[in-house]
Structure formats: C-alpha cells, structure tokens
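The structure appears below as structure tokens.
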Amino acid sequence: MIQQRLEKIINSVFQEGVESGVWSDKAAHKYSVEVPKREGQGDYSTNIAMVMAGIEKKNPREIAALVIERLEKEEIIEKLEIAGPGFVNIFLKPKVWQDVLQLVSDAGADFGKSTVGKGKKVMVEFVSANPTGPLSIGHGRQAILGDSIARLLEATGHSVYREYYFNDAGRQMRVLGQSTRARYLELLGKEAQFPEDGYQGEYIKDIAQSLIDEKGDSLVENDDVLPFTEKAVELIFKDISDTLKSMGITFDNYFNEHTLYDDGHIDSVVKELRDKGLVYEKDDATWFKTTEFGHEQDRVIIKKTGEPTYRLPDIAYHREKFRRNFDWLVNVLGSDHIATVPDVLAGVKALGYDSDKITVVLHQFVTLTRDGKQVKMSTRKATFVTVDELLELVGQDVLRFYFMMRKADSQLDFDLDLATSQEKENPIYYVQYGHARICSILRRAQDMEIKIKAPTDADLSLLQEPEELQLLKRIASFPAAVESAALDLAPHRSIFFLMELAGDWHSYYNKHKVIDPENVDQAVTDARLCLITALQQVFKNGLEMLGLTAPEKM
RNA sequence: GGUCCUGUAGCUCAGUAGGAUAGAGCACUAGAUUCCUAAUCUAGGUGUCGCGCGUUCGAAUCGCGCCAGGAUCACCA
C-alpha cells in the first residue's frame with residue numbers, strides 16, 4: 001500500500017534519470033524497495049544505487065547521492081540517508097503512518113482484503129480421502145492447510161471452489177465390506193473370517209452394530225458384501241464430513257470418481273491418448289508412454305484385469321477440472337503422492353491442456369509424539385490418532401493454528417503431551433489475548449462514557465511514541481502480508497504476521513496507557529483509542545480470515 | 001540406486017524476488033501488577049545457518065558435489 005506508493009516514486013525517479021541521461025535503463029526491474037530488518041535503517045530501503053553501480057561500473061554511493069537529490073522533493077519523505085555499501089534509507093513522515101487508521105476505518109472488515117486475484121476462478125482440491133475410516137491427523141493437516149489456502153485466496157479476490165475427490169469402489173472397498181461383515185457376524189455370535197488385511201478399527205464394530213440395530217440378523221445368510229460396504233461408506237462419509245464441519249471446513253463439491261466411468265470419460269481419455277500414439281499394449285496391459293514426457297519408465301493405465309490403475313481416472317478427473325474452466329488448479333496433497341503428480345501432469349499435457357495451471361502443494365507428514373516417543377500410525381491397524389480425538393483435546397482454534405503454523409514443506413511434529421497438558425503455551429492464546437485485551441479496554445471506555453472518535457476527528461499526530469509508530473507500520477503492512485501468504489499458498493506467513501502484531505501490541509500495552517484516569521490528556525486518549533480500534537479490526541480480520549475466532553473475553 | 005522434501009540457538013521453527021550486525025516461541029535465570037485482564041511485559045544468546053567449492057559488490061538464500069534424516073519409486077489408491 002504505502003510500499004507501492006514508494007515503489008512508484010522510485011520508479012519515476014529512475015525513469016527521470018534515464019530520460020536525462022544520468023544513467024541507462026539497464027537496471028530496470030532489477031532493484032527493489034524493502035523494509036530493512038534493523039531499526040534505524042529507515043522505514044524503507046532501496047538497493048537501486050548498488051544495482052545500478054554494479055551494471056554501470058560506478059561508485060554506488062555517488063549514484064545514491066543522485067537518487068537522493070531527486071527523492072528529496074517528495075512530500076511523504078521526511079529524511080533520506082546513504083548507508084552501508086550504498087543503500088538509500090528512506091524515512092517517511094509520521095503522518096503517512098497515522099493516516100492508515102483512516103484506511104482501516106473506511107475498509108472495516110475488508111481491511112487486508114484485496115482484488116489482486118481479479119476474480120480468477122481457482123479450484124482448491126484437498127482432503128480427498130477415500131471413505132475407509134475416520135480422518136487421521138495427517139488428513140487434518142491437509143484439511144486445514146487446504147482450507148486456509150482457500151480462505152486466503154478468497155480474501156485476495158479469487159473466486160474459489162473447494163472440491164473433495166473420492167472413490168468408493170475397488171479393492172479397498174471390498175476389504176472394508178468384508179471387515180464390516182466379519183464384525184457383524186461376530187457381534188451376532190457367529191463364526192467369522194476377518195480378512196487378513198482388513199480394517200481393524202473400532203469404528204467397524206460401530207458400523208456393524210448399527211446394521212444390527214437396523215436390520216437385525218437378516219444379513220447373516222447374505223454372502224453379498226455390498227450392503228456392508230454401502231453402510232460402511234455411508235457412515236464413514238457422514239463421520240468425515242462431520243469432522244470437517246467441526247474444523248470449520250465445507251466443500252462446494254464432492255467429486256465421485258464413479259462419474260468418470262459412468263459418463264465415459266475414462267474411455268475417451270484412453271481413446272484420445274491412443275489416437276496421439278501415446279498408448280500401447282504390452283503383457284495384456286495398456287501402457288501410457290510417460291517416457292515421452294521425460295519420465296524414466298512408461299506406466300500401466302489399464303491392468304490385465306481390465307481395471308484402470310488410479311492414474312487413468314486421475315488424468316480424466318483433471319481433464320474435467322480443465323473443462324470446467326478454472327483458471328488455476330491448486331492441489332493440496334500429502335507427500336506420499338509425490339510419485340503420482342508427474343503422471344497426471346504428463347496426462348493433461350498429452351491431452352492438450354496447460355499443466356502450468358496446476359499448482360501442487362505437497363505437505364510433509366505429521367509425526368506424533370506421545371510420552372516423548374514417536375507414535376507409528378496406520379489406518380489399517382487403527383493405530384492412528386483421529387482428527388476427532390485431537391479436536392476433543394485441544395479444540396478447533398488450537399488445532400487450526402497449530403497446523404497452519406508450519407510451512408507445508410516442513411514435517412510437523414505434533415506433541416500430544418504439549419497439546420494436552422500445557423495448553424497455555426500455545427501461541428494462539430497470545431494472539432487471541434491481544435484481541436481480547438483491546439476489547440476489554442474498549443469496554444472500559446464505554447463504562448467511562450468515553451466516546452470513540454473517528455480518525456478524522458482525533459488528533460492522530462499525537463501518536464508519536466516509537467511503539468505507536470511500530471504498530472501503525474505493522475497495521476499498514478497487513479494487506480501486503482495477506483497478499484503474499486495467499487499468492488504463495490503459504491498460510492503460515494499470516495500466522496507469523498499475527499504473532500508479530502500481538503507482540504507489538506502487548507509491548508505497547510505494558511509501556512503506555514490507553515485510558516489513564518490519573519493523567520488525563522483527553523486528546524491523547526482519543527488518538528490511542530483510534531489506534532486500538534483499528535488494531536482490533538486487524539486482529540479480527542486476520543484471525544477470521546484464517547478461520548480462527550477472535551474472542552472478546554478470555 | 002532415481003526423484004522430491006528437510007538440515008538455522010538446548011528444543012520447536014521463521015527467514016517472501018540474494019542485502020547491512022542471522023530472528024521468534026519454548027525452556028532456563030532475574031525482575032515488573034496500589035494502575036486499561038500477568039494467558040502480559042522487561043533484561044539475559046560465543047549459532048561452523050549440515051560440509052566443501054563456485055557465482056558476485058554481497059550468499060542461510062542461487063549453482064555443483066558430498067553427508068545425515070524423511071517421503072516415494074506396483075498391473076494398491
């Protein structure tokens with residue numbers, strides 16, 4: 001916002017220099033304006049002089065002096081200096097920062113949102129777990145990561161569509177049905193053969209029990225596994241969507257792999273690939289020439305048995321995504337899918353679609369620590385911890401926050417002992433408390449019948465304490481922080497912004513009083529109330545944008 | 001063996017298009033509340049940024065080669 005303004009100014013200074021022949025335009029788009037890490041190095045800093053000096057083989061500090069000469073007349077700039085190897089440090093007038101409060105007040109709940117997405121249609125596909133059991137901790141990470149990405153994209157002006165892709169057919173479903181049937185028979189006191197690779201979780205017994213409640217023993221003589229599978233899928237799916245809902249997650253569409261078969265998409269993909277000479281038969285199977293796309297080996301797409309491998313429907317599915325006219329396809333996947341990604345990309349490329357429109361966010365695994373030891377997890381053996389269990393332990397906010405805190409590329413260590421016994425150490429309370437603290441002050445103001453003035457009616461120039469300027473700058477950087485987190489599909493950056501915001505605020509709170517009955521300077525109080533009102537808005541927007549609550553009391 | 005991810009403080013991790021003296025939380029120590037919620041704040045850090053070489057004004061960041069950990073490499077999904 002303010003940075004963009006400054007970038008424009010620097011660009012025009014650069015352009016001026018080019019036109020008057022002071023330097024060439026070779027450095028165009030190579031320099032940058034950024035916020036220095038260290039205090040005292042300006043509100044912003046640009047490396048333009050060093051970049052130009054490198055290209056023009058001149059002294060950077062001399063060029064910096066020329067840049068400064070041209071910048072000096074700018075109204076928003078208070079002070080300029082040359083520093084270090086040739087940085088131009090720019091100090092802005094406090095008014096520039098103070099005026100931010102008006103912007104927040106005008107935008108309200110929209111402050112931080114933007115339109116950079118230009119209404120681009122983007123599909124975010126995530127979770128996509130097949131209905132074989134409750135969502136595990138790994139699915140939980142993915143659900144929250146995908147959902148927060150979707151939320152950030154919405155906040156930045158994208159038109160977002162959330163989709164869940166699932167398959168309720170095939171071998172794993174047969175095993176699920178067999179497992180359920182075995183439990184059903186066991187519960188009725190009959191002999192039963194539990195499948196060797198069956199699903200051992202307790203939830204299978206619950207499903208069997210509900211079949212007994214509904215139909216009694218009428219299925220005992222039934223050799224058909226289908227009614228068991230159907231019931232299991234129905235109940236597990238209900239369980240999954242309930243879990244998702246309790247994390248605050250909903251989908252626009254659940255896409256069933258079946259429809260790809262029913263509507264002939266599978267066949268037509270094979271035909272199209274065959275017409276392009278990218279498919280051949282070998283050993284009674286049908287192969288896709290992925291080597292044409294630089295892969296090590298070709299892959300089977302239709303097995304000997306006539307059944308497609310997962311690759312084929314995956315490719316057909318992505319073609320359907322393209323056909324539905326999305327501008328951008330974001331796939332959030334676990335790192336165990338790493339090997340499947342190139343095949344799908346090769347497939348859509350072969351079908352003539354632009355695979356660059358697909359962005360895959362692969363997240364690394366979640367490891368679970370209990371009693372200081374790592375827990376091994378498996379759905380089959382039911383040794384996993386479910387999302388439901390975690391939700392019960394720590395609640396939605398903590399779970400969301402914890403899973404958003406790390407970048408997708410990092411493995412995430414979920415320490416159960418920490419989550420259960422030391423909840424207060426969780427940084428989300430630090431952020432939420434920041435919001436609650438403001439609410440508390442505003443309640444106090446109301447009790448004292450102090451009216452909160454609009455930024456235009458208060459003397460904002462009284463906000464001159466370093467901590468106040470720091471807060472104003474942080475508030476001003478919120479929209480850019482959201483934008484960068486959204487476009488880079490990196491929700492953890494928003495989390496870090498909120499923690500920094502809370503840090504600034506808690507420090508300020510401890511050093512300065514907003515309402516001070518003993519030392520009444522009404523004008524200062526008014527200005528500070530304006531400040532914290534804006535701050536409250538930023539906390540609220542930031543938290544809610546990520547699906548977190550902004551409590552008014554804690 | 002191939003591909004991908006990771007390696008930064010005792011622990012868990014940030015570090016966006018390469019920038020100035022590498023950061024935060026936790027833990028630990030010492031302090032702060034007659035006063036807007038102490039779920040807070042203040043002070044306390046000798047880190048081979050896994051190792052080496054290269055690119056350049058400048059590297060945790062880019063390139064190459066190693067080392068270590070994880071994922072994955074089916075006619076399972």
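Chain letters run A, B, ... following the sequence lines, proteins first, then strands; residues in each count from 1.
In terms of phosphate contacts, A:Arg299 brings no side-chain nitrogen or oxygen within less than 4.0 Å of OP1 or OP2 of B:C73. Not one side-chain nitrogen or oxygen of A:Thr286 sits closer than 4.0 Å to the OP1 or OP2 atom of B:C75.
Taking atom P on both B:U8 and B:G65, the two are 22 Å apart, rounded to the nearest angstrom. Remark: the separation of the C1' atoms in B:C49 and B:U21 is 15 Å, to the nearest Å. Rounded to whole Å, the C1' atom of B:A27 lies 47 Å from the corresponding atom of B:A74.
Applying the Watson-Crick and G-U wobble criteria (two distances, each under 3.5 Å), B:C36 pairs with nothing in any strand. In this structure, B:G25 and B:C11 make a Watson-Crick or G-U wobble pair, each of the two defining distances being under 3.5 angstrom. In this entry B:U3 has B:A71 as its Watson-Crick or G-U wobble partner, both defining distances falling under 3.5 Å. Across the strands present, B:G63 finds its partner in B:C53; the criterion is a Watson-Crick or G-U wobble pair with both atom distances under 3.5 angstrom. A 3.5 Å limit on both hydrogen-bonding distances identifies B:G31 as the Watson-Crick or G-U partner of B:C41. Nucleotide B:U48: unpaired (no Watson-Crick or G-U wobble partner with both distances less than 3.5 Å). Figure legend. B:A20 is base-paired to no nucleotide; pairs are counted as Watson-Crick or G-U wobble with both atom distances under 3.5 Å.
A donor-acceptor contact under 3.5 angstrom links the side chains of A:Tyr508 and A:Glu468, judged on distance only. No side-chain donor-acceptor contact under 3.5 Å links A:Ser494 and A:His492. Under the 3.5 Å distance criterion, with hydrogens and angles disregarded, a donor-acceptor pair is assigned to the side chains of A:Glu281 and A:Thr286.
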Fill in: Derivation of the side-chain contact (heavy atoms from CB on, under 4.5 Å) call for A:Phe365 and A:Asp336
CA-CA 8 Å; A:Phe365 275 19; A:Asp336 53 335; 4.0 Å; yes

Item to complete: Could you please spell out the steps behind the salt bridge (Lys or Arg N to Asp or Glu O under 4.0 Å) verdict for A:Glu125 and A:Lys321?
Response: CA-CA 10 Å; A:Glu125 184 213 327; A:Lys321 286 188 185 179; 2.7 Å; yes

Worksheet item: After noting the C-alpha distance and the side-chain angles of A:Arg171 and A:Asp197, does the key distance pass the salt bridge (Lys or Arg N to Asp or Glu O under 4.0 Å) rule?
Response: CA-CA 11 Å; A:Arg171 209 187 79 87; A:Asp197 53 354; 3.3 Å; yes

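Taking the O4'-C1'-N9-C4 or O4'-C1'-N1-C2 dihedral as appropriate, B:A17 has a value within 90° of 0 and is therefore syn.
In terms of polar N and O atoms assigned as donor or acceptor, the side chain of A:Ser45 comes within less than 3.5 Å of the base of B:A20 in a complementary pairing. Taking only distance into account, the side chain of A:Asn47 never meets the base of B:A20 through a donor-acceptor pair shorter than 3.5 Å.
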Worksheet item: What one-letter contact string describes nucleotides 9-18 of chain B from 5' to 3', where B marks a base within less than 4.0 Å of any protein heavy atom, S marks contact via sugar-phosphate atoms alone, and - marks no contact?
Response: ---SSSSB--

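In this structure, the side chains of A:Phe539 and A:Val431 come closer than 4.5 Å at one or more pairs of heavy atoms. Put simply, the side chain of A:Tyr402 does not reach to within 4.5 Å of the side chain of A:Val366, judged on heavy atoms.
Distance, A:Met52 CE to B:U56 P: 21 Å, rounded to whole Å. With rounding to whole Å, A:Tyr509 atom OH is found 18 Å from B:A32 atom P. For the pair A:Gln297 CD and B:C75 P, the computed distance is 8 Å after rounding to whole Å. Rounded to an integer number of Å, the gap from A:Gln446 CD to B:C36 P is 18 Å. Going from atom NE2 of A:His363 over to atom P of B:U6 covers 15 Å, rounded to whole Å.
Minimum atom distance to the side chain of A:Gln364 is reached by B:C5, of the listed B:C36, B:U37, B:C5. Which of B:G19, B:U37, B:C73 sits closest to the side chain of A:Ile441 comes down to B:U37. Minimum atom distance to the side chain of A:Asn510 is reached by B:C41, of the listed B:G19, B:U37, B:C41. Nearest nucleotide to the A:Asp409 side chain, out of B:C5, B:U40, B:G2: B:C5.
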